[in-house]
Structures are given as structure tokens and as C-alpha cells.
Amino acid sequence: VAQATRRAGIVVTGTEVLTGRVADKNGPWLAEQLRLIGVDIAHVVQVGDRPDDLRNSLQFLVDRGLDLIITSGGLGPTADDLTAEIVGSFQGRPSRLDVALEARIADIVTRISAGRGWRTDPEATAAGTRKQALVPDGASVLAPVGTAPGLIVPPADGAAGAPIVVLPGPPRELQGMWDAVLASPIVQDAIRGRDELRQQTMRLWGVPESQLAATLRAHDDAFGGLEITTCLRGGELEIVTRYAPPAQAAYDELEKAVAADFAPELFSTDGRTVEDIVADELIARGLTIATAESCTAGGLASRLTDRPGSSAYLVGGLVVYSNEMKTQLAGVPAELIERVGAVSAEVALALAEGARDRLGTDLGVGITGIAGPDGGTAEKPVGLVHFCVASAQEPLSRKVIVPGSRADVRARSVTIALHMVRQVLESG
Ligand code: ATP
Ligand code: MG
């Protein structure tokens, strides 16, 4: 079988997604599932609930010569849910009522309505059910996870084009149908003979993108067959590389070049995030951590608990917004705050040690800064944040002027603190 790249396109429907009221979860989820089976994603198109826009985006994707097209949304019982019918007519396959399917959906709807105590109008329910049971000629039906069945609609017999997989909008329902999509012979046929598609992620901390660009340029000729994307996110530089198996040696070269040029900054080559690494290290060594946060007000403690099992290392956190609470809860001397100010290296140190002492942990983290937009001075501008990680070693202190809005300063400060904890753990 000839090896080749198989490519897919996705149409995400729904005016609520198009206008940004609901953030699209289905495009990214489908893109990752497709990558896992070696199918590259060419386009994700978002459209509102308008027949012409949906038809045009299907045509756009078919014109690109893609192997598979997937739609999400618009399978409900209401009149604005049009996807199944439009896809059917687009593929030249008129729809017909599937009586068995109609009975099955009616059954589900009755059960759900009874369970939730909803008042239903039998006639309206029947109309909605009948609509959802219309199946294009020659299409396969995917069993409903909610009430709406999915569809796999091949192109008209003898016509060029791609099979269109029609999935419901609610992410839980769409995801619940995915195994059935992969099991479908029509889909398997469309993606047969595909190459494996590998993806690797490197993460760096404290490197401007321009520096990395220089490294990539210097080794340009060695990196054939790699699709390298770099993305700067919250101060971390992420390098995601996709390639087919024959380019593995080229990828190994890339990783070597980045590791050589950025040894101190490269903190992850296996896909782990900074919180993964911090959690893994704390667990591996049986260490505990506590926080005393002013401007981030618990943001660090919150991120430290994103992973299940975090009680193994996070003991607790103090939110000490006022000076009084810095003194009362974290034991920062009032005289010290009076003398050097709450936003200072000294107070960050006292917070870190206070968290460690009062909560009885191996590590303590202190954060104090000016998130803005007001409250800055020439000496202490908005974005000035002092950090400290106290441990059995020398405390690690940093002062950073974090750029951006109030939300940026707070989020970025949490990331900086996490990297400082990682550095302390890695250094001993
Ligand atoms: P329903 O029977 O619920 O109407 P449907 O297949 O018609 O199902 P939609 O009407 O498009 O789906 O979407 C139903 C709800 O699912 C939306 O209001 C939204 O909350 C969620 N949803 C739809 N599409 C997406 C998406 N791409 N990302 C995240 N959530 C989505
Ligand atoms: Mg709907």
C-alpha cells in the first residue's frame, strides 16, 4: 500500500460558536484525534446556522481534495438544526425516514423527558423526532449518545469528493461517537494507506522567539521533513513538530540542536508541562509545598491543584491580600512591611518562610506585587512582582516587571513562581 498523507477538514457549525459566545471545543478535539490516527488536519471552518454558508464551506473543503470531512453541530430537533439535510443534498443523496431509528429516538426522548420531569407536547416531540430520523440514501447511522444520531454520508455513487461524517454539537455527544466513526468501513476506506504522523513538543522558559529562530536557521538543511511550529505562550516558548516516521532522524537532530543552544532554558522534551514536572518531582521525592500569595490571591495554589492527586504535595495556601493578614496569617513582621513596603524582596521572603513554617512544609512560596492597573509608582511600577521560594536550601528570590494587563500580570506571575519551584527542585 502506498504511504501518503491523508488530510481532513472540519466544519464547526453554530452561530453561538461563530460569534464567540461558546468557545469551540470540537475542532481542537477532532484535530487531535485525527492526528492520533495519522490524519493531518487541513482546515477548520466555522459557520453559523445558515444553509448557504454550510454548503459553501463543504464545497470549499471538497475543492481542496481532502480525504475526509467532519461536521459538528446542527443535529437537534429544531428548525435551525439543518446539517443532516444539507449534507445529504450536498452529497446528492436525498433523505428518507428511517422508521426503526424514529422509534428508537422517540424512546430516548420519552425516557429523558420523564426522568427530568419535563412537560412535553407529543405532537412537537413527534415532529422533532421525525426530523432527526431522516437519513440520506446510502448513509450509515451512528447510534445516538444524546438524542441525535450521527451520520456518515459517502459521496454520490461514482462522484469524486469525500465522505462527510456528521456529528452532534455537544462535545460529550460528539466524543462519545468517535469510536463508532473509526470503526466505520467508509471512514477506514477514506484514510487507508496513511502514514503515521508523529508529534513532539519541546518547551523552553526564558528564551525570546528570535533567539530560537536563529538556531532553526543555522540548522535549516538538517530539518527536512519536519513541520516546526513555535508559539510563545505566557512566557513559555513551545516548539511543536510534526513529521512522518522517515524524518525521525531529522527530529533527533533538531532536539539536539535546541538542547545544545538552550540547555538551561529547555525544561521539557516529553510533552510535560511545568506543573506536570513540579508535581512529578514533589511526588517522587515525597516533598510538600505551601503558598502565601498576595497579588495572585491563590492562583498558584489553584494551579498546583489542577492535577488529580495534588493533596500528595500541596498542603495549603494563604491568601494574604491586606498587610494585616500578611502579618496575622503568614507572620510577616508589621515593622518590616512598614519599613520596606508590602511589595518588596524582603516581604516575599518573609511570606515564603511564613508559609513554610506555619503550614509545616518542605517548600514555601511567597508572591507579592502590583497587578494594576492602578497603584504603581515610579519606584514600584505596575507589574512589579517579587517572588521567593523557601526550602531547606538557600531561598531563591526574583524580582520581575511583568508586562500586560492585570489578568496577564496575575497569570504570568503564577507561571514564573511555578518555574522557580521547578528550578529549586532541579537544583537539589
Ligand atoms: P442539540 O440536540 O443539543 O441541539 P446539536 O447537534 O444541534 O444538538 P448544536 O445545537 O449545534 O448541537 O449545539 C448544542 C450545544 O452544544 C450548544 O449550545 C453548545 O453549548 C454546545 N456546542 C455545540 N458546538 C460546540 C462546539 N463546537 N464547541 C463547544 N460546544 C459546542
Ligand atoms: Mg441545536
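Nothing fancy with the numbering, it's 1 onward along the sequence. Remember, it's a predicted structure, so these values are computed and weren't measured experimentally. Atoms within a ligand are numbered from 1 in the order they appear, just like the ligands themselves.
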Colleague: Heavy-atom count around Glu255 CD within 6.0 Å, excluding the residue itself: above 12?
Modeller: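 Buried by this count: over 12 neighbours within 6.0 Å.
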Colleague: By number and element, which atoms of ligand 1 are closer than 4.0 Å to a non-hydrogen atom of Val12?
Modeller: 27 (N)
Colleague: For the 3.5 Å polar cut-off, considering only N or O atoms, please tell me whether Asp24 and ligand 1 meet it.
Modeller: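 Yes.
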Colleague: Short list, please: which atoms of ligand 1 are under 4.0 Å from a heavy atom of Pro168?
Modeller: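 Selected atoms, number and element: 6 (O).
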Colleague: Side chain, backbone, both or neither: which applies to Glu16 and ligand 1 if a contact is any heavy-atom pair less than 4.0 Å apart?
Modeller: side chain
Colleague: Could you tell me whether Ala148 and ligand 1 have an N or O pair separated by under 3.5 Å?
Modeller: no
Colleague: Applying side chain to side chain contact (heavy atoms under 4.5 Å, CB included) between Ile10 and each of Thr71, Val165, Val45, Ile41, report the one that passes.
Modeller: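 The side chain to side chain contact (heavy atoms under 4.5 Å, CB included) with Ile10 is passed solely by Ile41 among Thr71, Val165, Val45, Ile41.
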Colleague: So if I count the atoms of ligand 1 from 1 in the order they appear, which ones are less than 4.0 Å from some heavy atom of Pro171?
Modeller: 29 (C), 30 (N), 31 (C)
Colleague: Taking atom NZ of Lys25 as the centre, report whether more than 12 heavy atoms of other residues, nucleotides or ligands fall under 6.0 Å from it.
Modeller: no
Colleague: Would you check if there is a donor-acceptor pair between the side chains of Glu238 and Thr230 at a distance under 3.5 Å?
Modeller: no
Colleague: With heavy-atom distances below 4.0 Å as the criterion, list the atoms of ligand 1 near Gly73.
Modeller: 6 (O), 11 (O), 12 (O)
Colleague: So Tyr243 and Tyr251, would you call those rings parallel, tilted or perpendicular, with 30° and 60° as cut-offs?
Modeller: parallel
Colleague: If the threshold is 4.0 Å, N to carboxylate O, is there a salt bridge linking Arg307 and Asp276?
Modeller: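 The answer is yes: the pair qualifies as a salt bridge.
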Colleague: Not counting sequence neighbours, list each pair that qualifies as a salt bridge (charged side-chain N to carboxylate O under 4.0 Å, His left out) and has a residue in residues 116-133.
Modeller: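 Salt bridge (charged side-chain N to carboxylate O under 4.0 Å, His left out) check on residues 116-133 returns Glu102-Arg130.
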Colleague: Which of the numbered atoms in ligand 1 are under 4.0 angstrom from any heavy atom belonging to Leu75?
Modeller: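 Listed by number with element: 5 (P), 6 (O), 7 (O).
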Colleague: So which of Gly27, Gly76, Gly74, Gly14 gets nearest to atom 9 (P) of ligand 1, if we judge by its closest heavy atom?
Modeller: Gly74
Colleague: How would you list all residue pairs meeting salt bridge (charged side-chain N to carboxylate O under 4.0 Å, His left out) that involve residues 133-154, not counting sequence neighbours?
Modeller: Arg96-Asp137
Colleague: Judging by distance only, is a nitrogen or oxygen of Lys25 under 3.5 angstrom from one on ligand 1?
Modeller: yes
Colleague: Is the closest side-chain donor-acceptor distance between Thr288 and Asp362 under 3.5 Å?
Modeller: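 Per modelled atom types, Thr288 and Asp362 side chains form a pair under 3.5 Å.
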Colleague: Could you tell me, atom by atom, which parts of ligand 1 come under 4.0 Å of a heavy atom of Ala23?
Modeller: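 Matching atoms, with element in brackets: 28 (N), 29 (C).
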Colleague: Suppose I only count heavy atoms of Asp81 and a 4.0 Å limit; which atoms of ligand 1 are within that range?
Modeller: 4 (O), 7 (O), 10 (O)
Colleague: Please list, in number order, the atoms of ligand 1 under 4.0 Å from a heavy atom of Asn26.
Modeller: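 Taking each heavy atom of Asn26 in turn, ligand 1 has 24 (N), 25 (C), 26 (C), 27 (N), 28 (N) under 4.0 Å.
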